[in-house]
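Worksheet for the structure shown next.
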Amino acid sequence: STAAQHHFSKWAEKPEFVFALAYKIIRDFVDSMDEILQPIVDKANLIGYSCREEWISGMVIALSTYLVKEIFPKQIELLQESSSSSDAGSTAYQARVSWLSLVDLMISFDKRIQDLILSTGLLLTAKDGDSWQRISVLCVFCDRPDWLQLWAEIEREESLNKLQPAMDLEKNWSTRIQGTMLEYDSDDYKSPVITSAVHQTLSLLIDRARPIPSITLRAEFIRMSAAPIISEFLGYMLRRCQEAEGLTALADDNAVLKVSQSINAARYFESTLTEWCEDVFFLEMENLPVNGEGGCIFQQEINHLKEFRVEWADKISTVILRGFDARSWDYLKTKRQWLEKSEGPAVSRTFIESLDYMQGQLSKLQGGLNTVDFVTVWRSVASGVDQLLFAGICTSGIKISGNGVERLQGDLSVLFAIFSSWCLRPEGFFPRLSEGLRLLKIDEQQLKDGAFTDKNWLREYGIRHLTAADTEKIIKNRVYDA
């Protein structure tokens, strides 16, 4: 191996020739190890000793030593010079390309060496520990974590430089991925095309980490290279949503669509990262110091993506409720309607207009938002409408006659019909209104003095979501015909 380093020095400026020469030497003599030396070792009863593996590891260590002493220092120097050069942009790019090309050579060399060992039936142990490092030139990063960090930073910068133009292209957000992408059904997520580019970038970075002969260093590399890509993408989505909110307060359909696209992308990556974390490759990295509190290596990013989704889905719900509230003002302030007999169908025209707005907004949203988050939004809207109408009609002191009860029942039947498109029993998502109507429909003879505040009486009539105070207000505001 010492003699080999002399030959390596002839190709200091051509690392690819150094790797080719090292592999040729190893391959040319490996059969001799099996045919000549191994029988002697076996005769001496040295159990578990492989001449082939020792020969290969010796040459790999020699090559690694040469890389540490001669090749990497020049690469570092080249990177440092590029940062101070007058033509920093071009020189820095060339320096990064040179570094990545060297890493490519190392990864390729390791794979060929592993194939050489496996060709004789020898089994390789797990990709960690001294035995693996002895047959991997990537072991140079085990002793130089600063070089590993530099490698991860270069990979990250190059990936971001390639992703940025794709993220800036609006077409990549407005166009959805058709069919199935990898193991996920992108139709369910309604994921924009940009997620395909980010997914591919993350996969490539993770593949770069796989040959590193240390679980801890693999985890550190992924945290330094892939994790910031996710954070950068999330930051980009946040800026898109904030821009849409700032321009129109999400009152415009295009603004809501823009936010929906980002929510879909976040949902897709949250599911993707969760799925990845169940893979053995990532399970090995759990509870390492690099993960902070332990668990999945991407747990922090998963949490941030979920927080982003929940926050902006809630904002969409709030916008719809705000619009519904504004359009329901006349309906809620017209108190006489609850005492008068209606002519024609017992349905309030002003209320129909409010429902039409809400239904239109939810229908548009259903077309643009992924299924799971759409369910969250419409349930949130239903809960908000339930609170708004219950407070505005049932507990606001409005007097309600029998005709008013019929009107309210007609209005609520239309409301429930809208939500029946998304659930089988819509009245269950309006518990206050449903129980308030149930109380209003109770016959006067069934009301005993003070009995409606008794828990057993409330339970008998199916009142589970209203307080005794709410029940008392509703009963006292009920006007019965003489």
Side-chain angles (χ1 to χ4, degrees), residues 19 60 64 67-68 72 75 79 96-115 124-163 182-183 196-234 269 272-292 294-302:
F19 285 97
V60 169
S64 300
L67 292 174
V68 171
F72 271 98
Q75 292 290 329
L79 287 167
R96 292 196 300 268
V97 169
S98 178
W99 179 283
L100 295 177
S101 297
L102 176 60
V103 173
D104 288 340
L105 290 171
M106 295 170 72
I107 293 174
S108 177
F109 179 82
D110 276 1
K111 187 177 185 306
R112 297 175 74 188
I113 290 300
Q114 292 160 20
D115 291 342
L124 294 173
T125 55
K127 292 188 178 182
D128 199 26
D130 295 337
S131 59
W132 187 268
Q133 293 177 15
R134 290 172 67 240
I135 58 170
S136 171
V137 290
L138 289 171
C139 69
V140 299
F141 294 110
C142 297
D143 299 324
R144 295 299 303 265
D146 56 327
W147 290 357
L148 181 77
Q149 181 179 355
L150 186 56
W151 174 24
E153 289 174 355
I154 292 173
E155 293 279 8
R156 183 181 69 238
E157 289 175 9
E158 288 298 301
S159 298
L160 283 174
N161 289 340
K162 294 176 182 177
L163 269 180
L182 298 182
E183 64 267 42
S196 176
V198 179
H199 185 286
Q200 185 178 16
T201 298
L202 293 175
S203 298
L204 290 174
L205 288 172
I206 291 168
D207 287 342
R208 299 286 273 177
R210 292 183 188 276
I212 299 175
S214 165
I215 294 175
T216 301
L217 293 186
R218 287 199 290 274
E220 290 179 356
F221 180 86
I222 290 173
R223 287 300 312 164
M224 291 185 290
S225 61
I229 299 289
I230 303 170
S231 299
E232 183 68 26
F233 184 59
L234 178 58
F269 275 110
T272 299
L273 296 178
T274 302
E275 185 81 12
W276 280 357
C277 286
E278 297 174 359
D279 188 89
V280 174
F281 177 74
F282 292 104
L283 288 175
E284 292 178 334
M285 302 176 189
E286 287 190 353
N287 303 318
L288 292 176
V290 70
N291 291 342
C296 174
I297 192 170
F298 291 120
Q299 192 58 53
Q300 184 178 347
E301 286 69 33
I302 291 172

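Note that the structure is predicted; figures quoted are calculated from it, not measured.
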For this session: List for me each residue that meets disulfide (SG to SG under 2.5 Å) alongside Cys277, sequence neighbours excluded, and say none if there are none.
Result: Cys296
Distance check, rounded to the nearest 0.5 Å: [X] atom [atom1] versus [Y] atom [atom2]?
X: Leu273; Y: His199; atom1: CG; atom2: NE2; answer: 8.5 Å
X: Glu220; Y: Ile215; atom1: CD; atom2: CD1; answer: 12.5 Å
X: Arg208; Y: Asp104; atom1: CZ; atom2: CG; answer: 4.5 Å
X: Leu148; Y: Asp143; atom1: CG; atom2: CG; answer: 11.5 Å
X: Leu150; Y: Glu155; atom1: CG; atom2: CD; answer: 10.5 Å
X: Phe72; Y: Ser64; atom1: CZ; atom2: OG; answer: 9.5 Å

Problem set entry | Steps toward side-chain contact (heavy atoms from CB on, under 4.5 Å) verdict (Thr272, Leu202) | CA-CA 11 Å; Thr272 299; Leu202 293 175; over 6 Å; no
For this session: Decide side-chain contact (heavy atoms from CB on, under 4.5 Å) for Glu157 and Leu160; before the verdict, give the C-alpha distance in whole Å, the side-chain angles of both, and the deciding distance to 0.1 Å.
Result: CA-CA 5 Å; Glu157 289 175 9; Leu160 283 174; 5.9 Å; no
What closest approach, in Å, do [X] and [Y] show between heavy atoms, and which atom pair accounts for it?
X: Pro213; Y: Leu138; answer: CD-CB, 3.8 Å
X: Leu283; Y: Glu278; answer: CD1-O, 3.6 Å
X: Glu301; Y: Ala227; answer: OE2-CB, 3.6 Å
X: Leu205; Y: Ser225; answer: CD1-O, 3.8 Å
X: Ile297; Y: Arg223; answer: O-NH1, 2.8 Å
X: Ile113; Y: Ile135; answer: CG2-O, 3.9 Å

Problem set entry | Under 3.5 Å donor-acceptor, Arg218 side chain and Ile212 backbone | yes
Exercise. How far apart are the C-alpha atoms of Met106 and Leu67, what are their side-chain angles, what is the distance that settles it, and do they pass the side-chain contact (heavy atoms from CB on, under 4.5 Å) test?
Worked result: CA-CA 10 Å; Met106 295 170 72; Leu67 292 174; 4.2 Å; yes
For this session: Would you please classify the geometry between the Trp99 ring and the Phe141 ring as parallel, tilted or perpendicular, with 30° and 60° separating the classes?
Result: tilted
For this session: Answer yes or no: are there more than 12 heavy-atom neighbours, outside Arg144 itself, under 6.0 Å from its atom CZ?
Result: yes
For this session: Mark yes or no: Arg210 above the aromatic ring of Phe281, with NZ or CZ under 6.0 Å from the six-membered ring centre and no more than 45 degrees from the axis.
Result: yes
For this session: Please check if the distance between the ring centroids of Phe269 and Phe298 is under 6.0 Å.
Result: no
Exercise. Is the closest side-chain heavy-atom distance between Lys111 and Asp115 below 4.5 Å?
Worked result: yes
For this session: Check whether any side-chain heavy atom of Phe221 sits under 4.5 Å from a side-chain heavy atom of Ser214, and report yes or no.
Result: no
Exercise. Salt bridge between Glu232 and Arg156, side-chain N to carboxylate O under 4.0 Å?
Worked result: no
For this session: Determine, step by step, whether Gln75 and Trp147 satisfy the side-chain contact (heavy atoms from CB on, under 4.5 Å) criterion, reporting the C-alpha distance in whole Å, the side-chain angles of both residues, the deciding distance to 0.1 Å, and the verdict.
Result: CA-CA 10 Å; Gln75 292 290 329; Trp147 290 357; over 6 Å; no
Problem set entry | Residues in side-chain contact (heavy atoms from CB on, under 4.5 Å) contact with Glu158, at least two apart in sequence or another chain | Tyr93, Arg96, Leu100, Ile154, Asn161
